[in-house]
Amino acid sequence: MPRKNKKKQRKEERRRTMQRVRQEKGWQPPPDVEFPDDELTRDLLTFVPGLAGDRASEEAAAETLTNAVLGSHDLVDEPEFREFYFHPMQVIDLYGDLEEERGINEEMLNSISEEEEDELFFDLMIELARGSLTEEMKADLLEAIEAAWQRVRGQGDQDKAGRLAGMLALLDPEENEDMWPVSGLVQAILRRSLEAGFEMASVLESEEAASTGPRALFESATDNSLQQEIEAIMAKYPGLAAVMAQQDQQVWEAGMQALVEGELYVGFFSDEELRRAAEILDPERLGDPELAGEDLGRAGIQAILGYISGLLTLERRAEMREQLLTMLEDEALAGDWFPFLMAMVEDLDDDDPDTALGFLTGAILGEISEMAEEEDGGEAQG
């Protein structure tokens, strides 16, 4: 069964279970008769027997279930959750933005009580979790919670199985969305992601990169000793390297799409070069009039790659690198594309000259389309 269908089936099973144990209509469950094979329901009723009681018992049961979610910090060390992280550098950036929005500084913190400070940072962490959680991560966490529940109940740990069953019942992405950011498990994952991020930022700051701008930041990031320090930090957090690699890949794919669609403009090529590239992509000039569909597309890409390779002298690579670093130093130009632009600079600096051909192909295709639209617009006005 495809993964998507499995997720949907599990979601429906959890939804039915939740409906069975809800108390709004005074439901009185006979679990020994109605649900003899429903392990989740049995674990819930064992963990929260008040689900089958009077109004007061139901309220106490609801509080118990809520506390199971709020107090789930310790579960972060269970094997199913050890490799869950938010991207460390992204969350510390968001954390800094939130502090700035709220005017949090040393002077402000010195002016409030310890209790007020705790409340302030509790709210800050909730907002940070709310802004960082994705639907995909929620789905992955639900799968991990279910896997943990199956494992601990098989080990005979009834209390932990009940807690996990309660989390499965309450963490419904559609009906209890507000429970996710306050979940102890999510907050624990967020805290260790922040810890890793601040450790990495500290290493960069020790190289005085943060105070001297993106250009120095890039030069420091390509230093072997700095890379070793960053790798040592990631080694302290099992699974972090894979998470960062996956999310960096998503950044790369989004950046490439933006280049091709003209959303991200880098202006690497002259009008003459763009016209020449457009001519190369003309099916009649590809050398085989019978080429069509995918074959035509592959032939065009190969032709463009050859054309770009001919342009990519050492001097031209240096010009492109300088252009990207200039964009990185201007927040208005870099915008949300800062990580992708940094990756482009790294590709230009790679010892293998072909490494940069991937993003340069996307850039030239996007700029060809942009030029064609401008020319069509000019002709229409004429």
Classify the side-chain pair Q323/E319 by whether it contains a donor and acceptor separated by less than 3.5 Å.
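No.
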Atom [atom1] in [X], atom [atom2] in [Y]: separation rounded to 0.5 Å?
{"X": "L281", "Y": "I304", "atom1": "CG", "atom2": "CD1", "result": "4.0 Å"}
{"X": "T64", "Y": "R163", "atom1": "OG1", "atom2": "CZ", "result": "12.5 Å"}
{"X": "L124", "Y": "E101", "atom1": "CG", "atom2": "CD", "result": "9.5 Å"}
{"X": "F81", "Y": "I145", "atom1": "CZ", "atom2": "CD1", "result": "5.0 Å"}
{"X": "R321", "Y": "D347", "atom1": "CZ", "atom2": "CG", "result": "13.0 Å"}
{"X": "N105", "Y": "E100", "atom1": "CG", "atom2": "CD", "result": "10.5 Å"}

Any chance you could lay out the side chain to side chain contact (heavy atoms under 4.5 Å, CB included) test for W252 and D248, step after step, and finish with the verdict?
CA-CA 6 Å; W252 180 261; D248 288 344; over 6 Å; no
Does any part of the side chain of [Y], heavy atoms only, come nearer than 4.5 Å to the side chain of [X], both counted from C-beta?
{"X": "I364", "Y": "Y307", "result": "yes"}
{"X": "E136", "Y": "Q250", "result": "yes"}
{"X": "V203", "Y": "E199", "result": "no"}
{"X": "F338", "Y": "V251", "result": "no"}
{"X": "W180", "Y": "L141", "result": "yes"}
{"X": "E146", "Y": "L142", "result": "no"}
{"X": "L365", "Y": "T361", "result": "yes"}

Greater than 12 external heavy atoms within 6.0 Å of [X]'s [atom1]:
{"X": "D336", "atom1": "CG", "value": "no"}
{"X": "F122", "atom1": "CZ", "value": "no"}
{"X": "Q249", "atom1": "CD", "value": "yes"}
{"X": "Q155", "atom1": "CD", "value": "yes"}
{"X": "Q158", "atom1": "CD", "value": "yes"}
{"X": "R151", "atom1": "CZ", "value": "yes"}

L328 and V345: CA distance, side-chain angles, deciding distance, side chain to side chain contact (heavy atoms under 4.5 Å, CB included) verdict:
CA-CA 10 Å; L328 284 164; V345 179; 4.1 Å; yes
I need the minimum non-hydrogen distance between M327 and L333, along with the two atoms involved.
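M327 and L333 have their closest heavy atoms at O-CB, 3.8 Å.
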Okay, side chain of [X], backbone of [Y]: is any donor-acceptor separation there less than 3.5 Å?
{"X": "S202", "Y": "F198", "answer": "no"}
{"X": "Y95", "Y": "M125", "answer": "no"}
{"X": "E78", "Y": "L75", "answer": "no"}
{"X": "R317", "Y": "L312", "answer": "no"}
{"X": "S183", "Y": "M179", "answer": "no"}
{"X": "Q187", "Y": "P181", "answer": "yes"}
{"X": "E367", "Y": "G267", "answer": "yes"}

What verdict does the side chain to side chain contact (heavy atoms under 4.5 Å, CB included) test give for M200 and L240, after you've listed the backbone C-alpha separation in whole Å, the side-chain angles of each residue and the deciding distance to 0.1 Å?
CA-CA 12 Å; M200 293 178 186; L240 178 57; 3.9 Å; yes
Before giving the answer on salt bridge (Lys or Arg N to Asp or Glu O under 4.0 Å), spell out for R275 and E272 the whole-Å C-alpha distance, their side-chain angles and the decisive distance to 0.1 Å.
CA-CA 5 Å; R275 290 191 178 92; E272 181 180 347; over 6 Å; no
In terms of ring plane angle, is the pair W337 and F340 parallel, tilted or perpendicular, where the classes change at 30° and 60°?
perpendicular
Please check if [X] and [Y] belong to a single hydrophobic cluster, counting links between Ile, Leu, Val, Met, Phe, Trp and Tyr side chain heavy atoms closer than 4.5 Å.
{"X": "Y265", "Y": "F269", "result": "no"}
{"X": "L360", "Y": "V260", "result": "no"}
{"X": "M320", "Y": "L305", "result": "yes"}

Would you sort out whether E195 and R192 count as a salt bridge (Lys or Arg N to Asp or Glu O under 4.0 Å), showing the intermediate values?
CA-CA 5 Å; E195 289 173 5; R192 74 176 173 201; over 6 Å; no
Check the pair Y85, M244 against side chain to side chain contact (heavy atoms under 4.5 Å, CB included), reporting the backbone distance first and the verdict last.
CA-CA 9 Å; Y85 294 88; M244 292 187 68; over 6 Å; no
Is it true that E273 and R316 have a side-chain N and a carboxylate O under 4.0 angstrom from each other?
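Looking at E273 and R316, the cut-off is met.
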E127 and R102: CA distance, side-chain angles, deciding distance, salt bridge (Lys or Arg N to Asp or Glu O under 4.0 Å) verdict:
CA-CA 12 Å; E127 190 171 349; R102 291 171 174 243; 2.5 Å; yes
